[in-house]
Amino acid sequence: MEVLKQVEEKWQKRWEKAKIFEANPDPSKPKFFITVAYPYPNSPQHIGHARTYTLADVYARYMRMRGYNVLLPMAFHYTGTPVLAMAKRLAEKDHELINDFVKVYKVPKEKLKELTDPLAMARYFHEEIREGMKKIGYSIDWRREFTTVDPQYSRFIEWQFHKLLQAGYIKRGSHPVGWCPTDGNPVGQHDTQGDVEPEIGEFTLIKFRFGEWVLPTATLRPETVFGVTNIWLNPKAKYAKVIVNGEKWIISRECVEKLTYQNRKVKVLENFEGEELIGKQAENPATNEKIYILPAEFVDPQNATGVVMSVPGHAPYDYVALENIKGEAAKLMRYGLTSDLLNSINAVSVIEVPHYSEIPASDVVKKMGIKNQTDPKLEDATKEVYRHEFHNGKMRNNTGKYAGLTVIEAKEKVKQDLIAAGKATTMYEILNRPVKCRCGTECVIKIFEDQWFIDYGKQEWKALAHKCLEKMRILPEELRAEYTYVIDWLHEKACARKSGLGTRLPWDKEWIIESLSDSTIYMAYYTIARHIKEYEIQPNQLTDEVFDYIFLGNGNAEAIAEKTGISSDVLKKMRQEFLYFYPLDSRHSAHELIPNHLTFMIFNHTAIFPENLWPRQIVTNGHVTMEGAKMSKSFGNIIPLREGLAKFGADPIRLSVLATAELLQDADFSPSVAKTMRDKLERLYELVAENTKDKKENGKEELTLIDRWMISRLQEHIKKATEAMEKLAVRKAIHTILFELDNDLQWYQKRVKTSEKAAKTRILREILKTQIQMLAPFAPHTCEELWEKMDGKGFVSLTIWPKADETKVDAKAEEGEMLIMNLLEDTLNIIKATRIKPRKVVYYTAASWKWKTYIKALEKSMEEKINQGDLIKELIKDPELKVKAKDIAEFTAKIVDEVNRMPQERKHKLVQIKFVDEKQTLKEAKEFLKNEINAEIIIHEEEDAKRYDPKNRAKAAKPCRPAIYIE
RNA sequence: GCAGGGGUUGCCGAGCCUGGUCAAAGGCGCAGGCUUCAGGAGCCUGUCGCGUAGGCGUUCGUGGGUUCAAAUCCCACCCCCUGCACCA
């Protein structure tokens, strides 16, 4: 481990000193520009964060070895709520968080107080994260680093927003959000107890008439208004008579406050018990029917208006509640409700659904065995009925002009018509309520007025985004559909808040641009960030004209230089550097950002930049789990990156987070995986050490079969690894480079152990060098060290990625080696089955006429399926074979099936190489076989007159399948 | 509901894209052997069933289908995981 640490530091220093990762424009070389979503510095990094960054770094290193001038920069996202919220929690002395920082991440306790200031927190973790990135060996050009609160960056964001505004993509309006009345803040998932996302739903309030009063029944299913049999109120709840925007409403007391948050003027006239209205009649505004107001305890006064219309035909709650009160009619006498009257109320069916009876609600209630209106199973019952009716339901004839429509259509239409006629309105409610804020208050919905939006709903903008997507490479390709979907579905996105760090909206300074909106085109800023620092360009010099010139080529450098005091040379340099590195070649992030950041990036690029500068590729990856479990504070299974690095080393960590999963899947980290990786690297060290001990290197020995086999296999592995890297299938690449190649290498070493040939040193060296090069993007520190040990020139990071040499692919050697492998396996199998302790193993290789026959059969079978008769007829045309007609008949009977079943590819190979010199092959492997089997090995040709063959086995020999005799 | 991922031999996990060389890599666990004073560790062998000759049988979520041939391709179904916004 100590050695590992030293090696890491040694190479990190050397890279830095040689500035090999600082990329400047170089017109003689193709460029490749890679960026990763910049981190929020609101806590230190853990192993999970390492995946995306390591992947991008591996890609950068690979592309560098493919000859590209690669730029990989990094910056820090101070904007918005993440930093703010964390600092706030710390200020509130959140125990969990403090424990986390101190115990898990080892933040010094005395630092904590300082970190309650958001900016101080961001600065602190910024340092921490940057150090981690250096220690894990990312090949980042640090000269371009910036933060999103740098005043120069703010100017860039202001420019961007001016562009969006000019293009007509910014608009203003209102929208509902989850809201904590105590805190006076919007609440998202991480602001709630148990991290519950408040689901916002729009209820239709249908205005049932009750004299001069309105009973606004809240429903998610307005189309069922035709099946209403009664109204439910909770007799034990408190209701209020109120004036809402000039209308007289009766609603639950809890609803009063909610309506005010939804921008309604509410005046309370009188409070009363729900009981008071039971037994009275109201009128359905859709049908003008008179119906009764009945009591139901399932009605929750805290949900929406607390007034519910009853549709027992299609709503399980209503169905059960109705059955319940019919059963206790006596209790209802005091409301003047007789048993006869109650019994006359029956479910009405207004929707037809396949596979259900007239009354779907009753079907489901009976199926689930629900007896009481307070049974929690009613939630599931409701969902089931709703699901089927929504997707498969049709409106019945008793629904007037809506008859025949699907439920999907009718739902919207009924709602719109009722609203248009003044018979309904809407209100928002939290569907999964109660959702509680961390402060303990139950959340409500607030409608925000005058909010600023970026209008991703614009059709012509969507068209541009689609166009950009079409031209982009998406990795993994499976997720392309996801982007298409998101582009279509995106609409107005609130782009500013009133709190947090960040850039103020240039035309309305109360608002601060939130973090998903100030991070969409910043990749362009990397191309000029180093100049801004180097020439100390001030924010006030960075006018919109400057950015127009650099990024869009508008205006005249000299004139702008005059106005801003930035020299025209510098302006031109920035313009050139931007044009050199743009467009962005590859964008990396975890795939949870597809529905927002990544798609926003596409949109914003198309809004601002010309088509040739739109991004070219997006790569996303899954998360990291910890021994199969989700990483989370509450599980206490988070390993901070710096701790991981200290414990396992940079290269093992890099390999671990990439080797266990392809892009789409979650990668599973565990200490044992990291250890395996370290062992693997250590073994490579040993192998290199052993191999370089012996300096003499003879270049002329003749290569044996096994040597040629190893070299041939190497070409295969190079090809496979390269193909995998092109698709960023890093797991496959690592498997090929580190495991499959290694397996072959081990076999090779086992095979040549007994041989004296000096060729093996040279071959081993060739293999190792290639392996080290291919491993270098993944384990750069180890590979630099090994490369140096092997007398490689310069940095391995700057060498050219190996290329498979087709001329070294040796089908004959591979067939020959396969023969040995299979023969060994067969022999061991026989030994196992017979439990013989072998003293002597005799092999008989197939006679040449068998080979001739075999190849002929293969050739013939490549065109069509062969049968024995035709095959024999053709074979005996050959006089040499004709004399053996009887043997041939016997032999062909054995091989016809096998030949017909053989894959085309293998047939090609065999036909191409004509025959394998089995006797020679076996001779070369004789020592090896002897060692493996631990018995004397004797090799004969099948028709060898002097052969030792007591059981007459020789004649069983087949090409590629020598006969075996063991005693 | 929509979209995506997944279900493989005791466990984890490759293979599936590009059908045959797949009883199916590798690791863990388990059993035996070697090494060690011992502990730890390392190395070797075995690990679906049957089998005294390289064989046979059964297996890759379930049920169908295509094919000479299916873990792999197609269809249907069941189960698990993830995302669906104003929250980064």
Side-chain angles (χ1 to χ4, degrees), chain A residues 37 40 42 77 79-85 175-178 186-192 195 197-200 383 386-388 390-391 408 448 451 453-454 456 476-486 489-497 500 514-517 519 591-597 599-600 622-623 625 627-628 630 660-662 664-666 668 670 672-673 675-676 727 729 731-732 735 738-740 742-743 818 821-836 865 897-898 900-906 909 951 953 956 960-966:
Chain A
Y40 290 106
N42 69 349
H77 204 183
T79 312
T81 39
V83 171
L84 196 70
H175 76 127
V177 295
V187 286
Q189 188 172 349
H190 60 249
D191 303 314
T192 62
D195 282 345
E197 174 82 37
E199 284 174 50
I200 300 172
K383 274 185 192 144
Y386 182 71
R387 189 170 64 228
H388 285 96
F390 184 73
H391 292 282
I408 299 174
F448 252 84
Q451 172 67 261
F453 297 97
I454 298 180
Y456 294 119
E477 178 61 33
E478 288 96 317
L479 292 177
R480 180 178 293 278
E482 186 88 3
Y483 289 90
T484 308
Y485 176 74
V486 173
W489 161 85
L490 233 38
H491 49 87
E492 300 92 338
K493 150 85 187 158
C495 65
R497 306 178 125 239
E514 60 83 49
S515 60
L516 284 171
S517 301
S519 58
H591 48 223
E592 63 199 6
L593 296 188
I594 294 173
N596 44 61
H597 164 73
T599 307
F600 295 165
H623 290 127
T625 55
E627 299 192 87
K630 200 176 152 182
T660 55
E662 289 306 359
L664 212 47
Q665 296 142 347
D666 285 347
D668 190 34
S670 72
S672 73
V673 171
K675 198 177 158 294
T676 305
K727 288 189 285 190
R731 180 186 58 172
K732 195 169 188 176
H735 266 259
L738 210 50
F739 294 91
E740 287 177 31
D742 232 46
N743 274 350
M818 185 118 72
M821 289 177 184
N822 289 340
L823 193 61
L824 179 62
E825 195 186 314
D826 282 348
T827 309
L828 293 175
N829 190 15
I830 295 168
I831 292 170
K832 189 183 144 206
T834 58
R835 298 191 191 110
I836 294 174
K865 207 175 144 182
D897 255 11
E898 176 196 328
N900 276 331
R901 261 192 320 219
M902 191 181 284
Q904 282 291 335
E905 208 183 320
R906 178 115 196 275
K909 257 193 198 164
K951 285 270 167 74
R953 295 231 180 255
C960 296
R961 208 89 205 266
I964 303 170
Y965 169 70
I966 300 176

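Since this is a predicted model, take the numbers as computed values, not measurements. Lettering follows sequence order; numbering is per chain, from 1.
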Separation of atom CE in Met818(A) from atom C1' in G20(B), rounded to whole Å: 13 Å
To the nearest Å, give me how far apart NZ (Lys493(A)) and P (C86(B)) are. 8 Å
Contact class for Lys732(A) (heavy atom, under 4.0 Å): base, sugar-phosphate, or nothing? base
When you get a sec, tell me which of G4(B), A53(B), U21(B) is the closest nucleotide to the side chain of Ala833(A)? A53(B)
Between C79(B) and C56(B), how many Å separate the two C1' atoms, rounded to a whole number? 35 Å
Side-chain contact check for Lys727(A): nearest option of U18(B), A25(B), C86(B) is U18(B)
Okay, side chain of Thr599(A), backbone of Pro595(A): is any donor-acceptor separation there less than 3.5 Å? no
May I ask you to decide if the ring planes of Phe448(A) and His175(A) are parallel, tilted or perpendicular, using 30° and 60° as cut-offs? tilted
Hey, what's the ring geometry for Trp489(A) with Tyr485(A), parallel, tilted or perpendicular (30° and 60° as the breaks)? parallel
Would one find a side-chain N or O of Arg731(A) under 4.0 angstrom from OP1 or OP2 of G15(B)? yes
If the C1' atom of G7(B) is compared with that of A71(B), how far apart are they to the nearest Å? 12 Å
Roughly how far apart, to the nearest Å, are C48(B) and U58(B) at atom C1'? 8 Å
Measure the distance from NE2 on His491(A) to C1' on C86(B) and round it to the nearest whole Å. 9 Å
How long is the line joining NE2 of His623(A) and P of C81(B), in whole Å? 17 Å
Would you indicate which nucleotide in C86(B), C84(B), A53(B) comes nearest to any side-chain atom of Ile830(A)? A53(B)
Candidates G4(B), A53(B), A25(B) - which lies nearest the side chain of His735(A): A25(B)
Between A53(B), C2(B), A25(B), spot the one nearest the side chain of Ile966(A), thanks. A53(B)
If you take atom types as modelled and just measure distance, does the side chain of Asn829(A) reach the base of G54(B) with a donor-acceptor pair under 3.5 Å? no
For the side chain of Arg497(A), starting at C-beta, report the closest nucleotide among A53(B), C86(B), A25(B). C86(B)
Rounded to whole Å, the CZ-P distance (Phe739(A) to A25(B)) equals 15 Å
Of the listed C86(B), U52(B), G54(B), the closest approach to the His175(A) side chain comes from C86(B)
Taking atom C1' of A25(B) as reference, at what distance in whole Å does atom CG of Asp742(A) sit? 13 Å
Testing A25(B), C84(B), G54(B) for proximity to the side chain of Asp826(A), the answer is G54(B)
